[in-house]
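As structure tokens, the structure follows; a few thoughts come after it.
Quick caveat: nothing in here was measured; it's all calculated off a predicted structure.
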Amino acid sequence: MIEQPTPPMDGECCESECSPCVWDSYYEEMARWRQAEAERKAAEAAAADEKPE
């Protein structure tokens with residue numbers, strides 16, 4: 001399980017349009033986390049559907 005990323009702290013972004021900015025990295029990590037969460041939830045739902053009652 002991937003841990004949800006935390007946004008950059010105040011002062012980590014220098015606001016000089018660096019490439020990549022700490023915010024760019026954060027948004028990329030969030031996208032990966034969201035995808036992993038969606039896959040995990042889908043796998044859990046599929047496993048729940050497969051359980052005999």
Side-chain angles (χ1 to χ4, degrees):
M1 184 167 133
I2 298 175
E3 191 170 315
Q4 183 175 2
T6 55
M9 295 176 59
D10 290 342
E12 282 189 82
C13 175
C14 63
E15 297 185 26
S16 64
E17 299 182 28
C18 297
S19 183
C21 176
V22 293
W23 284 103
D24 295 332
S25 300
Y26 169 71
Y27 292 131
E28 289 173 7
E29 290 173 15
M30 278 300 293
R32 283 192 294 272
W33 179 79
R34 285 187 184 111
Q35 180 65 37
E37 282 294 293
E39 291 171 3
R40 181 185 62 80
K41 289 177 183 178
E44 286 177 358
D49 289 344
E50 292 176 1
K51 286 187 179 180
E53 294 185 30

Can I get a per-line list of side-chain donor-acceptor pairs under 3.5 Å for residues 22-34, giving both atom names and the distance, sequence neighbours left out?
from, atom 1, to, atom 2, distance (Å)
Asp24, OD2, Cys21, N, 3.0
Trp33, NE1, Ile2, O, 3.2

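By the side chain to side chain contact (heavy atoms under 4.5 Å, CB included) test, Ser16 is found to be paired with Cys14, Cys18, residues two or more places apart in sequence or in another chain being considered.
Sorted by first and then second residue, the salt bridge (charged side-chain N to carboxylate O under 4.0 Å, His left out) pairs with a member in residues 36-45 read Glu37-Arg40, Arg40-Glu44; sequence neighbours excluded.
Other members of a hydrophobic cluster containing Met9 are absent, since no ILVMFWY side chain comes under 4.5 Å of it, directly or through relayed contacts.
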